[in-house]
Amino acid sequence: MTARPSGRQDAEPYSTGPESEDDRLRRFARIWSRAIRPSTAISMPEGEFVEHLVPLARRLRDALRTMPLNTQPAYEVGQALVAARCDSAGGLPVTLGVLDAYLVLYCPPRRPMPAEESRARCARLQHALAAGFAHALSERAKGEQESVSREALAARAAAEQALHDSEARFQAVFDGAVIGVGVADLNGQVLLVNDAVARMFGRPGDHLLGENVVDWAHPEDAPAAMEIYHELITGQREHFRMEKPYYRGDGSVLWTNLTVTLLRDAHGKPQYQLALMEDITEQRRLRDRLRYEATHDELTGLPNRTLFFERLDAVIAGPVAAESTEFAEPHAADADRDHPAGAGWEAAALAEAEAEAIPGSPGPAATDHAPVPDAYGPAADERRLWRRGTGGAAAPAPGAAYGPGDFARPPGPPDEPGTDGEAGGCAPGAGRAANEATRFGMCYLDLDGFRAVNDSLGHIVGDHLLIAVAERLQGCLTSPAQIVARPGGDEFFALTVGPTAQRDAVDLAERMLRALAEPVRIKDRDLLVRASIGVASGTRGETTRAAVMRSVDIAMYRAKAAGGNRYEVADAASDARVIARHSLTNGLPAALEKGEFFIEYQPLVRLEDGTVRGAEALVRWLHPVHGVLGPDQFITLAENTGLIVPLGRWVLAEAARQARAWRDAGHDGEPLRVNVNLSPCQLRYPDLVSDTVAVLDEAGLDPAALCLEVTENDLIGADEEALRPLRQLADLGVDIALDDFGTGYSNLAYLRRLPVSTLKLDRSFTLGMQRAPADPVDVKIVEGIVSLAHTLDLAVTVEGVETGSQAEHLRMLGCDTAQGWYYARPGPPDRLHELALTDVASG
């Protein structure tokens, strides 16, 4: 007998009152519901669950009252409980306990019977309910198992179908893929290829099976290709990607974008290699064509600036940085960099320039303000450079036009020992042996007068001339280590590499000049071709592109300044001088603003009585590094930069102020006159007259106390428009002196047209009078010039008087005034009052 539920004390007691059977049945269902819910997973509300149990309780009550006893309803109630999900582990025992305790109590038989009989009938109903419950539970488990089996069979069938479909799709993709797919073992034997691979190679796919991928090597494979492949098959890397060429069956080249991936087994052991190949032959041809067009001159077909600088950078950088980086995904090489020695060379060149390259520079510690002696005698005529330039084209800032270019290129020729004694201006070690470094040489050729061809004959003829020149220069190359390029315009570059690169570059320059010596015939016209060539050399890995270009550029302009149609070899001293000039040029504007310029005065002495007639103002630059610089060291730079106009106005204003100070100091005799030099740029300045008038007014100086000195070459041949400013100044009372008279192509009759009052005789005419006896030829020349000048009512001043004998000869010849070291060196303005001119003259 099943145990009764422990909650019977909470059950509602049986009552024989007016309660109906349905009420008692519903009370029994509520007791059953309260007992079974905690033991099951019933989720419906309690009231709803009670209503669900009421029909089952009714069937049990009716079965208890049947005669004879029918247990089938109880069996079906057990099945119903399973169907209602009252099948938890504790559901059946609780139900049996409720029936044992309350079924007879709340649903007694209709006729009286012994208690033992009613309890026996209840027990048989419990057994039937348990049997129905167990059978229903078993049937459900069996159904679930069958359902699981059916689902498993269906899933297996679906998996097999999916696998079949996947294999079919993979085979379709493998066979129909445009990209070639191949599988090989770790030994490189080809196991599987698709149709795309067969089409790429132009051979049936089964012919490729069994071959080894190592046998597919190509001469253009990068050196690192086999090393990368070995790393893959040994498991050191998982994949690599590269552009790789192959030979087709017909011998043509197939270019592919190849990706190879290592395939491992379930234990991670390398098993196969999978290759994906994309045919990029057409793209490669297009890229090569675009590369050629981008790196070659359209007109001449020569390499252009880009390709030349790539080659130059590769040579300069050395073999390490120039190694191939085609397989750069896993092993990317650093881009080419300027060698640190380059910066050191530039610093060394600047230091050398600062210390030595400035002509006449006394150095930072110098305090002597005297000019430096030159070929004309102990006192250099520094006025000459104040008034005119050198006549040669100034070199542009070297390297300014050349941008950086870091390109990784194949290595150049193998390193070989250099040779001692080869001069070169682009590397610090140019003069010492380079035991393992390869040397290189460069030529920079610029056609002389090419612009005149374009301007007079037209650009078409100029283009034909450039093509002809390019062909001749190309024919001058004698080895694969040499290259000629056209960076643009009428310029050409040449590069040679090898242990004797300096000598080879010079030989190449000579061959190019000889090749251009023969006239070029274009449209029935013979055109002469002249060229200026700069040559520089260096050692691989010890310089920079900027240093090389600077040296060769400077050398080329030296050749052009020397008349052209020649070559010049770069040297460090020339480079340093240009660097120094560039440094001074950059410092000029700030120097004027900072007041670094000052004026020294050299007396003008009247030869008749030895008295001071005036002084010539000579500008100096007190440079913060180089000390005192004379005008020959910076006037040309000021003219080239246009700073000569404000600098000249400053000199004029300072000289006028000093002349006024001498006058105010009460100098005995007639007022001292100040001479100021004018450069050609100032003569062309439209405000020259107004500025001069303003300076005189500001200083309160009479115009007669000012003399402006102009060189003979600046005035001879000048038209009236050019002479108008000087005529206006002369009309105001300013004296005009014609300086360096006799050094140019003088037209003596032309002197009558010039608004000058004084001739300054060049020192070269009086050198023969410095010794006794005087040179009779010099005496006759000076005598004639003095006679002519006095006939034209012009005074004569002689420059460069250095001895008493010379001064006496000039006085006897009738010269009016003189200046030179015999009387005094240039100095501060207060020295004019301290000169014991009488003692000097008598001595």
Side-chain angles (χ1 to χ4, degrees), residues 1-140:
M1 186 66 63
T2 304
R4 299 184 180 183
S6 59
R8 178 173 180 181
Q9 64 273 19
D10 298 328
E12 300 177 19
Y14 174 71
S15 175
T16 58
E19 188 177 26
S20 65
E21 285 192 4
D22 289 340
D23 293 337
R24 290 196 299 271
L25 184 65
R26 189 171 299 278
R27 186 185 297 271
F28 172 73
R30 281 199 298 271
I31 294 173
W32 191 4
S33 170
R34 292 174 182 174
I36 199 174
R37 280 180 65 84
S39 304
T40 59
I42 299 299
S43 59
M44 65 181 68
E46 181 180 359
E48 184 178 348
F49 187 55
V50 170
E51 293 300 325
H52 181 76
L53 293 179
V54 167
L56 301 180
R58 182 177 290 111
R59 297 194 64 185
L60 291 175
R61 184 197 65 184
D62 293 344
L64 180 63
R65 294 178 177 179
T66 57
M67 296 298 293
L69 181 65
N70 183 9
T71 60
Q72 183 61 31
Y75 185 88
E76 294 174 355
V77 168
Q79 292 179 325
L81 289 175
V82 173
R85 293 296 178 181
C86 297
D87 55 352
S88 299
L92 179 60
V94 171
T95 296
L96 295 179
V98 169
L99 295 183
D100 181 57
Y102 298 108
L103 179 60
V104 176
L105 179 62
Y106 283 92
C107 303
R110 290 185 181 276
R111 64 179 183 83
M113 63 179 60
E116 291 77 6
E117 182 179 355
S118 61
R119 294 185 63 83
R121 293 171 70 90
C122 180
R124 291 180 61 188
L125 291 178
Q126 292 178 53
H127 293 164
L129 184 146
F133 189 96
H135 182 267
L137 196 60
S138 175
E139 288 298 321
R140 191 174 71 181

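The structure places CG of Leu60 at 8.5 Å from SG of Cys107, a figure rounded to the nearest 0.5 Å. Atom NE2 of residue His127 and atom OG1 of residue Thr71 lie 11.0 Å apart, to the nearest 0.5 angstrom. Rounding to the nearest 0.5 Å places CD1 of Ile31 at 5.5 Å from OH of Tyr102. Atom CZ in Arg124 sits 9.5 Å away from atom CG in Asn70 (nearest 0.5 Å). In this structure, CZ in Arg26 is found 11.0 Å from CG in Leu53, a value given to the nearest 0.5 Å. Here the straight-line distance linking atom CG of Leu81 with atom CG of Leu129 works out to 5.5 Å at 0.5 Å rounding.
Sorted by first and then second residue, the pairs that involve residues 59-68 and meet side-chain hydrogen bond (donor to acceptor under 3.5 Å, both in side chains), not counting sequence neighbours, are Glu21-Arg65, Arg59-Glu76.
Residues forming a salt bridge (Lys or Arg N to Asp or Glu O under 4.0 Å) with Arg58 (at least two apart in sequence, or on another chain): none. Every residue two or more places apart in sequence or in another chain that forms a side-chain contact (heavy atoms from CB on, under 4.5 Å) with Val50 is listed here: Ala29, Arg30, Ser33, Glu46, Val54.
Of all heavy-atom pairs between His52 and Pro55, the closest is O-CD, 3.4 Å. The two atoms that bring Cys122 and Leu103 nearest to each other are SG-CD2, 4.1 Å, heavy atoms only.
Between Val77 and Leu125 the shortest side-chain heavy-atom distance does not fall below 4.5 Å.
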Let me see the working for Thr95 and Val98 under side-chain contact (heavy atoms from CB on, under 4.5 Å), right down to the final yes or no. CA-CA 5 Å; Thr95 296; Val98 169; 5.8 Å; no

Given Arg121 and Met113, is the side-chain contact (heavy atoms from CB on, under 4.5 Å) satisfied, shown in steps? CA-CA 11 Å; Arg121 293 171 70 90; Met113 63 179 60; 3.8 Å; yes

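Aromatic ring orientation, Trp32 versus Phe28: tilted (interplanar angle from 30° to 60°).
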